[in-house]
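Notes for the one structure printed next.
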Amino acid sequence: ISELPQEALDARLNNVRERIKKRFEEPDWSHVHTEVPRPGVTMTLLYEEYASGLDSRPMSDREFRRRYDRYKRSLGLVMRQARRPGEELFVDYSGKRLSITDPETGVRTPVEFWVGVLGSSRKTFVYCTPSQQLPDWIDAHVRAFEFFGALPLHLVPDNLKSAVVKISRKDGHYINPTYQAFADHYDVMVMPTRARKPKDKAAVEGGVRIAQMWILARLRNRTFFSLQDLNRAIAELLVILNNKPMRSRGGKSRSELF
């Protein structure tokens, strides 16, 4: 035995286990998965349908359930978030930025790219601010409210300092007092996303990517000498973006859904 390599030794010791291991014909697990939620369908019924269609010996009912559970874990399922109209406005800054050029020196100064997306219609507002500081953060919200002509029930920001001072394990989020006063003035509620939970703000994450493709990419070769000129150019592109039909929404645009 000492002269045998490890693989040969394993084959000698485990050959009986290999012989008794049964090779079952696997069902179409994707079909099983789509049938499970249907009314009146049980795992017992699905197993009987699988077993009755085989010429060879089927796997046991217990093995069928075990393998289906393994298939479900491989999907990485997430819960679909239902968004009610007028309920949430997701707000965030884009990681990518545009620049303002000084006409005398030619120095380019980066500016921040603020994005607000309504949860149900996905109607989008974009505005550039000089910084991510609190006054600019508040100003962008006010302009978004004017753009939509309506108020949401909830504001859903990320956990940047202009929105959230800190997060306590015991008490949760401590909203920036000025931001909270702003929300109280407009009678809206601030509901920040959970830390390190990007799916909580999937709407604005998708809106940021689309805004980057539709706006940043189209303005990349243009030179702007003032923030006002830049925001006017963004406003023109926003009209096209919000009026563009969406295949995922039956050909309706963001403005139509809004």
Side-chain angles (χ1 to χ4, degrees), residues 78-95 112-129 132-212 214-215 231 234-235 238-239 241-246 248-250 252-258:
V78 296
M79 184 177 68
R80 181 179 178 85
Q81 297 290 330
R83 306 296 183 190
R84 293 189 298 174
E87 187 173 48
E88 295 163 320
L89 174 62
F90 295 86
V91 294
D92 200 4
Y93 277 108
S94 165
E112 301 296 335
F113 195 70
W114 189 94
V115 180
V117 180
L118 289 172
S120 179
S121 65
R122 295 294 194 269
K123 189 167 185 179
T124 302
F125 175 72
V126 177
Y127 187 76
C128 282
T129 63
Q132 293 189 17
Q133 297 301 314
L134 187 58
D136 296 325
W137 172 252
I138 298 292
D139 180 52
H141 282 72
V142 174
R143 293 178 184 273
F145 292 166
E146 294 172 349
F147 174 78
F148 294 122
L151 296 173
L153 292 177
H154 306 144
L155 290 170
V156 187
D158 202 353
N159 294 291
L160 74 166
K161 289 298 183 182
S162 294
V164 178
V165 176
K166 66 177 181 178
I167 302 175
S168 167
R169 185 183 297 273
K170 178 182 178 181
D171 299 321
H173 294 77
Y174 286 84
I175 308 300
N176 185 295
T178 303
Y179 191 40
Q180 185 63 61
F182 157 80
D184 292 341
H185 173 76
Y186 283 99
D187 195 23
V188 297
M189 183 179 294
V190 179
M191 299 183 63
T193 59
R194 294 173 295 172
R196 295 180 296 277
K197 297 291 183 181
K199 291 177 182 177
D200 285 1
K201 54 171 184 169
V204 74
E205 293 286 350
V208 166
R209 287 194 298 270
I210 292 172
Q212 288 173 351
W214 263 92
I215 296 175
N231 281 318
I234 290 174
L238 270 180
V239 174
L241 171 62
N242 285 317
N243 290 331
K244 185 178 184 299
M246 296 184 290
S248 61
R249 297 299 185 92
K252 293 184 178 181
S253 68
R254 293 170 173 80
S255 294
E256 288 174 319
L257 292 172
F258 174 77

is_close_aromatic(Phe113, Tyr93), centroid dist under 6.0 Å: no
Asn176/Val164 under side chain to side chain contact (heavy atoms under 4.5 Å, CB included): CA gap, chis, key distance, verdict: CA-CA 5 Å; Asn176 185 295; Val164 178; over 6 Å; no
Atom pair OG/CD of Ser94 and Glu112 - distance to nearest 0.5 Å: 9.0 Å
Verdict with reasoning, Asp139 to Tyr127, per side chain to side chain contact (heavy atoms under 4.5 Å, CB included): CA-CA 10 Å; Asp139 180 52; Tyr127 187 76; 3.8 Å; yes
Within 45° cone of Phe147 ring axis and under 6.0 Å: Lys123 NZ or CZ: yes
Test item: Leu238 and Ile215 side chains (from C-beta on) under 4.5 Å apart, heavy atoms: yes
Expected output: side-chain Asp136 to main-chain Thr129 donor-acceptor under 3.5 Å: no
Glu87/Ser120 under side chain to side chain donor-acceptor pair (under 3.5 Å): CA gap, chis, key distance, verdict: CA-CA 8 Å; Glu87 187 173 48; Ser120 179; over 6 Å; no
Value rounded to 0.5 Å, distance of NE2 in His154 from CZ in Arg84: 8.0 Å
Test log, rule side chain to side chain contact (heavy atoms under 4.5 Å, CB included), inputs Trp114 and Val126: CA-CA 6 Å; Trp114 189 94; Val126 177; over 6 Å; no
Rounded distance (nearest 0.5 Å) linking atom CZ of Phe182 with atom CD1 of Ile175: 12.5 Å
From CA spacing to verdict: side chain to side chain contact (heavy atoms under 4.5 Å, CB included), Leu241, Val239: CA-CA 6 Å; Leu241 171 62; Val239 174; over 6 Å; no
Within-4.5 Å side-chain heavy-atom neighbours: Asp158 and Pro192: no
Flag side-chain contact, heavy atom, 4.5 Å: Gln132 against Trp137: no
Phe90 side chain near Leu118 side chain, heavy-atom distance below 4.5 Å: no
Check: Thr124 main-chain N/O paired with Asn242 side-chain donor or acceptor under 3.5 Å: yes
Over all atoms of both residues, closest heavy-atom pair of Ala140 and Phe125: O-CE2, 4.0 Å
Side chain to side chain, Leu89 and Val156, heavy atoms closer than 4.5 Å: no
Minimum-distance pair of heavy atoms, taken over all atoms of Met246 and Ser253: CE-C, 4.1 Å
Parallel, tilted or perpendicular, as decided by the 30° and 60° cut-offs, for the rings of Phe258 and Phe148: tilted
Exceeds 12 heavy-atom contacts within 6.0 angstrom, atom CE of Met191: no
Pro157 side chain reached by Asp92 side chain, heavy atoms, under 4.5 Å: no
Proximity of Tyr179 and His141 rings by center, below 6.0 Å: yes
Arg122 backbone acceptor or donor facing Arg254 side chain under 3.5 Å: yes
